[in-house]
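The block underneath contains the structure these notes are about, expressed in structure tokens.
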Amino acid sequence: MQSKQTQIPIFPLSLVVFPGESLNLHIFEKRYKLLVNECLSSGIDFGIPCYIDGKIGNYGTCVKIDQIDRVYTNGEMDIKTIGTQSFKINEIFSPNDKDKYANANVEWREIIQNGSDVLKRKIYELTQTLHKFLGIEADQLEPIEKFDLHKVIHIVGLKLQQEYKFLQMKDELSRQEFLLRHLKGILPIVEETEHIKRKIQSNGHFKNIIPPNF
């Protein structure tokens, strides 16, 4: 367990990262090449706060560098990272030099584990249904025993703002209820879209239609 509050280097991006998530990054800016090299040399992790609505959001997730996949001749890198723990930013320290990266004073967050197994299974089933409508391969989902909301959050059709709202939630039950509402809302739309698509595709084909009895 990390200390309650600390200062970490930050790499703002227009995406939401979650604990346990694998994230591949191509590092090309001078300041972030510096950030990665210093993290590697000192053995520290860096934070990815969500850049949203034209500014750095207060919430993000810390990531550790898992692997340097490739280093280019100009110093650019392809790296593999893994999300560790979410945080809330208390203060950002921006450098005067544009070639230097920013640091932030962050507070580590712990999610209250009060989730419902019933809701967990329902979310799992609705996600399977969504993927079936969309033609997504079934192996996108792990077995129910290993099911984690963080691992499906990017594959249930949420917008960036919705993912960011999810990240801010303090307890598992609220997160489950949020995802359940989303899935129940989006599934009828996806189903109707699929119905319209099938109708269009069948246009011009010979139809075997049983007439009504009257």
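FYI, the numbering just counts along the sequence from 1.
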*Starting from the C-alpha separation in whole Å, work towards a yes-or-no answer on side chain to side chain contact (heavy atoms under 4.5 Å, CB included) for I27 and I79.*
CA-CA 7 Å; I27 310 298; I79 67 172; 4.0 Å; yes
*Take E110 and Q85 through the side chain to side chain donor-acceptor pair (under 3.5 Å) test and state the conclusion after the steps.*
CA-CA 8 Å; E110 291 296 330; Q85 190 172 357; 2.9 Å; yes
*Quick one: do K33 and M77 satisfy side chain to side chain contact (heavy atoms under 4.5 Å, CB included)? Show the steps, please.*
CA-CA 8 Å; K33 289 190 286 186; M77 291 171 277; 4.2 Å; yes
_F46 and L35: CA distance, side-chain angles, deciding distance, side chain to side chain contact (heavy atoms under 4.5 Å, CB included) verdict_ = CA-CA 8 Å; F46 64 92; L35 181 152; 3.6 Å; yes
_Could you go through H26 and E76, starting from their C-alpha distance and side-chain angles, then the distance that decides it, and tell me whether this counts as side chain to side chain contact (heavy atoms under 4.5 Å, CB included)?_
CA-CA 7 Å; H26 176 70; E76 294 183 13; 2.8 Å; yes
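Remark: E142 engages K151 in a salt bridge, criterion side-chain N to carboxylate O under 4.0 Å.
No single ILVMFWY cluster, assembled from side-chain heavy atoms under 4.5 Å apart, contains both L160 and L13. Placement of I68 and I48 within a single hydrophobic cluster is found when ILVMFWY residues are connected by side-chain heavy-atom separations under 4.5 Å, directly or transitively. If you chain together hydrophobic residues whose side chains sit under 4.5 Å apart, L25 and I8 never meet in one group. In the hydrophobic clustering of ILVMFWY residues, with side-chain heavy atoms under 4.5 Å counting as a link, V156 and I123 come out together. Under a hydrophobic clustering in which Ile, Leu, Val, Met, Phe, Trp and Tyr are joined whenever their side-chain heavy atoms come within less than 4.5 Å, directly or via other members, L158 and M169 fall into the same cluster.
The shortest non-hydrogen separation linking I155 to L130 is O-CD2, 4.3 Å. Residues K100 and P95 share a closest heavy-atom pair of O-CG, 3.2 Å. Between A102 and S94 the shortest heavy-atom distance is CB-CA, 4.3 Å. For the residue pair I10 and Y32, the shortest heavy atom distance occurs at O-CE2, 3.7 Å. Contact detail for P12 and I56: the closest heavy-atom pair is CG-CD1, 3.6 Å.
Side chain of Y51 to backbone of G54: a donor-acceptor contact under 3.5 angstrom is found. With Q113 contributing its side chain and I111 its backbone, the two residues share a donor-acceptor pair below 3.5 Å. Using a distance-only test at 3.5 Å, with no hydrogens or angles considered, no donor-acceptor pair links the side chain of N103 to the main chain of I92. Between the T84 side chain and the C62 main chain, a donor and an acceptor come within less than 3.5 Å of each other.
Under a cut-off of 6.0 angstrom, the local environment of NZ in K88 is crowded, with over 12 non-hydrogen atoms contributed by other residues, nucleotides or ligands.
Not counting sequence neighbours, E177 has no partner by the side-chain hydrogen bond (donor to acceptor under 3.5 Å, both in side chains) test. Residues satisfying the salt bridge (charged side-chain N to carboxylate O under 4.0 Å, His left out) criterion with E38, sequence neighbours excluded, are absent altogether. Evaluation of the salt bridge (charged side-chain N to carboxylate O under 4.0 Å, His left out) rule for R121 yields no partner, not counting sequence neighbours. For K132, there are no salt bridge (charged side-chain N to carboxylate O under 4.0 Å, His left out) partners at least two apart in sequence or on another chain. Y72 is linked by a side-chain hydrogen bond (donor to acceptor under 3.5 Å, both in side chains) to D78, counting only residues two or more places apart in sequence or in another chain. Every salt bridge (charged side-chain N to carboxylate O under 4.0 Å, His left out) that D99 has, sequence neighbours left out, goes to K30. Partners of D97 under the side-chain hydrogen bond (donor to acceptor under 3.5 Å, both in side chains) rule, at least two apart in sequence or in another chain, do not exist in this structure. Every residue two or more places apart in sequence or in another chain was checked for a side-chain hydrogen bond (donor to acceptor under 3.5 Å, both in side chains) with T129, and none qualifies.
Contact annotation: the side chain of W108 approaches that of T6 to within less than 4.5 Å [non-hydrogen atoms, C-beta and beyond]. Side chains of I89 and P49 form a contact here, defined as non-hydrogen atoms less than 4.5 Å apart. Using a 4.5 Å cut-off on side-chain heavy atoms (C-beta onward), V63 and I82 make no contact. Side chains of C39 and I65 form a contact here, defined as non-hydrogen atoms less than 4.5 Å apart. C50 places none of its side-chain heavy atoms less than 4.5 Å from the side chain of L15. Contact of the K165 side chain with the Q161 side chain is not registered, since no non-hydrogen atoms from C-beta on lie closer than 4.5 Å. A 4.5 Å side-chain heavy-atom check between L34 and V36 finds every atom pair outside the cut-off. By the 4.5 Å heavy-atom criterion applied to side chains, S116 and Q176 are counted as neighbours.
Taking CG from L149 and NZ from K120, the interatomic distance works out to 8.5 Å, rounded to the nearest 0.5 Å. L179 CG to S174 OG: the interatomic distance, rounded to the nearest 0.5 Å, is 11.5 Å. Distance check, rounded to the nearest 0.5 Å: NZ of K122 to CD of E125 gives 6.0 Å. Distance check, rounded to the nearest 0.5 Å: NE2 of H131 to OG1 of T127 gives 6.0 Å. Here R175 contributes atom CZ and K170 contributes atom NZ; the two are 12.0 Å apart, rounded to the nearest 0.5 Å. Here the straight-line distance linking atom CG of L167 with atom CD1 of I153 works out to 9.5 Å at 0.5 Å rounding.
Pairs engaging residues 59-71 under the side-chain hydrogen bond (donor to acceptor under 3.5 Å, both in side chains) rule: Q67-D69 [sequence neighbours left out]. Under the ring pair (Phe, Tyr, Trp, His ring centres under 6.0 Å) criterion, the residue pairs touching residues 153-186 are F18-H154, F18-F166, with sequence neighbours excluded. Applying the ring pair (Phe, Tyr, Trp, His ring centres under 6.0 Å) test to pairs two or more places apart or on separate chains, none has a residue in residues 80-103.
Chaining together hydrophobic side chains whose heavy atoms lie under 4.5 Å apart leaves I112 on its own.
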